[in-house]
Amino acid sequence: MPGSSWGTTFSGGRCQANVTAATSEVGARPASNASANTLGTYTDVLASGFTNDVDGFYLQLQQTGVGVTAFDALCDLAIGAGGSEKVILSKMICCNGGTAVANGSYIWWPIPIKAGVRVAARLQDTSGANVVDFALIGISNGFLAPSHEGTAVTYGASAATSKGVSIDPGGSANTKGSWVEITSATSQYHRYLTVGVGNLANAGQSASTTLIDIGIGSAGNEVVLIPNIACRTLVATTGLGMITPNMIGPFPVELPEGTRLSVRGQCSSTDSTDRKFSSALYGVG
Amino acid sequence: MSDWPIVVEGGRVQDGCADTSTSAGTTVTASSSTNTKGSYVQLNASLGFDCDGFFLALDGQGSTVADLLLDLAIGAASSELVILPNLHVSLGSWPIPGAYQWWPIGLKAGTRISARAQSTTGSLSVVVQFLPVSHGFAGLCGYGRVTDYAANTSDSGGVGVDPGAASNTLGAWTQLTASTTNPIRALVVGWGDRANTAETSANFLMEIGVGGAGSEKVLLTGMRARTGASTDTNVIKPDLIGPLAAEVPAGTRLSVRCASSTTDATDRLIDAFCWGID
């Protein structure tokens with residue numbers, strides 16, 4: 001929970017979740033549309049919402065399929081009644097590569113949700129008719145809660161491809177490649193940045209390691225904001241690969257509206273396909 | 001006018017220990033003796049600035065199913081002081097990175113950071129990446145202490161929990177500690193699969209409780225993990241969840257219970273871990 005002040009501003013603490021024994025320890029499992037790159041319908045995450053206002057929540061996105069063909073999914077979390085959902089987190093990356101447990105990071109989102117508000121989820125993916133598990137843990141505090149951020153904005157995730165922006169570390173192993181723009185200008189002030197990393201649905205992925213930099217500044221003048229986020233690509237026994245972790249953060253950085261965001265990486269592999277990854281960035285606040 | 005919130009202003013992230021020659025973090029290898037802490041490996045000789053906390057990612061290596069415990073320490077060589085004791089990593093059939101875990105522990109500029117590890121099979125390793133984060137005015141919460149309430153260094157595991165023979169049903173409470181030694185402001189919980197080499201895929205739910213035996217009250221709920229079959233990853237993920245805000249005074253009894261989708265007498269058994277932050 002970066003950014004939360006639990007000193008003068010913390011009192012109490014209460015935890016509510018959608019994962020129960022009655023749901024077979026799964027939570028919610030929305031499915032994508034049968035057609036590739038098409039959003040599926042909403043599935044309840046918490047049909048009746050939290051029983052108390054929450055100041056923020058941890059969200060786990062975990063792939064489910066052993067032997068499922070590698071795919072990249074973009075996942076939405078929304079609030080509101082059926083038919084009137086409002087997306088509060090859009091196009092979160094979750095990769096699947098034939099192993100059921102490689103991901104599953106719980107990511108903190110400092111976004112409050114009122115008690116009684118329905119929470120729902122949907123997704124789309126690169127091949128269609130796949131599922132992702134959503135596990136949600138809401139945290140509420142007492143007097144002077146952790147910092148509340150109202151909105152999250154997604155940069156770089158494409159509804160047309162269900163992927164982030166493709167990043168090529170280049171043909172030299174373990175050498176930073178060129179910067180790739182994620183957005184030319186952030187649409188609002190952000191207090192936090194969470195980093196999404198995808199596998200470009202590479203079903204023939206080989207094992208490699210990757211370091212990722214997040215930069216700000218104009219083209220040719222980028223300055224590293226977040227250095228050397230380490231990720232790894234996996235080769236499952238079925239020959240299906242993926243990259244993990246998919247979501248990292250939130251990093252408490254101050255970004256004014258209009259900031260240009262870019263990403264670069266280096267990889268231990270020089271294979272022209274396997275060295276590539278995708279990225280999307282999520283500004284909060 | 002400027003927006004000067006109480007808890008956030010500025011923000012800086014530093015690379016802690018990336019090895020750019022391998023595009024990965026720094027490798028920490030456990031002692032060749034089982035369940036024995038190895039030598040410290042330096043992660044960062046001198047932090048470049050005061051940090052309010054840090055992200056720590058543990059990337060289990062190799063193809064041996066095992067449990068591994070890692071200590072993160074500060075201080076000069078031979079004078080290391082453990083600040084994060086016995087962080088657990090479930091090692092599986094191939095290298096699998098863990099989450100970037102946030103630890104709201106403040107560290108001063110110039111501090112040396114190192115780590116050491118032990119495992120159920122000697123000489124296994126974990127790749128560590130460490131990203132310290134600082135803020136400007138008022139900063140983050142910057143706690144100073146992490147207390148381990150569950151690790152068992154004799155088997156590099158945690159407190160064994162049996163969800164019971166009924167699937168998808170919370171089992172009995174198991175005590176983590178009879179009495180917390182320090183006040184707690186937030187908890188990090190962890191999962192282990194007891195180095196089960198013949199694992200089946202299953203879902204798990206964990207709850208943390210407070211109160212006397214037979215009178216436990218749920219403090220934290222909804223924490224979920226999944227095991228991968230022995231033909232797949234053969235690990236449990238995630239390794240760690242949190243920090244979860246929870247106010248727990250010193251002297252509190254902590255306990256844990258779990259539910260599982262499997263009723264297999266071995267595969268349903270897990271290890272629980274719990275670290276208090278204050």
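Just so it is clear: chains get the letters A, B, ... in the order the sequence lines come, proteins before strands, and each one is counted from 1. Keep in mind the model is a prediction, meaning the values are calculated, not measured.
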Taking the side chain from [X] and the backbone from [Y], do they hold a donor-acceptor pair closer than 3.5 Å?
X: B:Tyr100; Y: A:Pro245; result: no
X: A:Thr209; Y: B:Thr22; result: yes
X: B:Arg226; Y: A:Gln63; result: yes
X: B:Gln129; Y: A:Ile229; result: no
X: A:Glu25; Y: B:Ala225; result: no

In this structure, OG1 of A:Thr23 is separated from CG of B:Asn168 (nearest 0.5 Å) by 8.0 Å
Side chain to side chain donor-acceptor pair (under 3.5 Å) filter on B:Ser90, not counting sequence neighbours, yields B:Asp193
Only one of A:Arg232, A:Gln266, A:Lys176 passes side chain to side chain contact (heavy atoms under 4.5 Å, CB included) with B:Ser23, and that residue is A:Gln266
Sub-4.5 Å side-chain heavy-atom contact between [X] and [Y]:
X: A:Val19; Y: B:Met223; result: no
X: A:Cys15; Y: B:Leu220; result: yes
X: A:Leu234; Y: B:Pro97; result: yes

Heavy-atom contact with chain A under 4.5 Å, split by part of [X]:
X: B:Ser260; answer: backbone
X: B:Asp19; answer: backbone
X: B:Thr221; answer: both

The interface call for A:Asp133 against chain B, heavy-atom contacts under 4.5 Å, is side chain
Checking B:Ser21 against A:Asn174: is there a side-chain donor and acceptor pair closer than 3.5 Å?
no
For A:Ala121, the side chain to side chain contact (heavy atoms under 4.5 Å, CB included) test, sequence neighbours excluded, returns A:Pro30, A:Val45, A:Leu77, A:Phe134
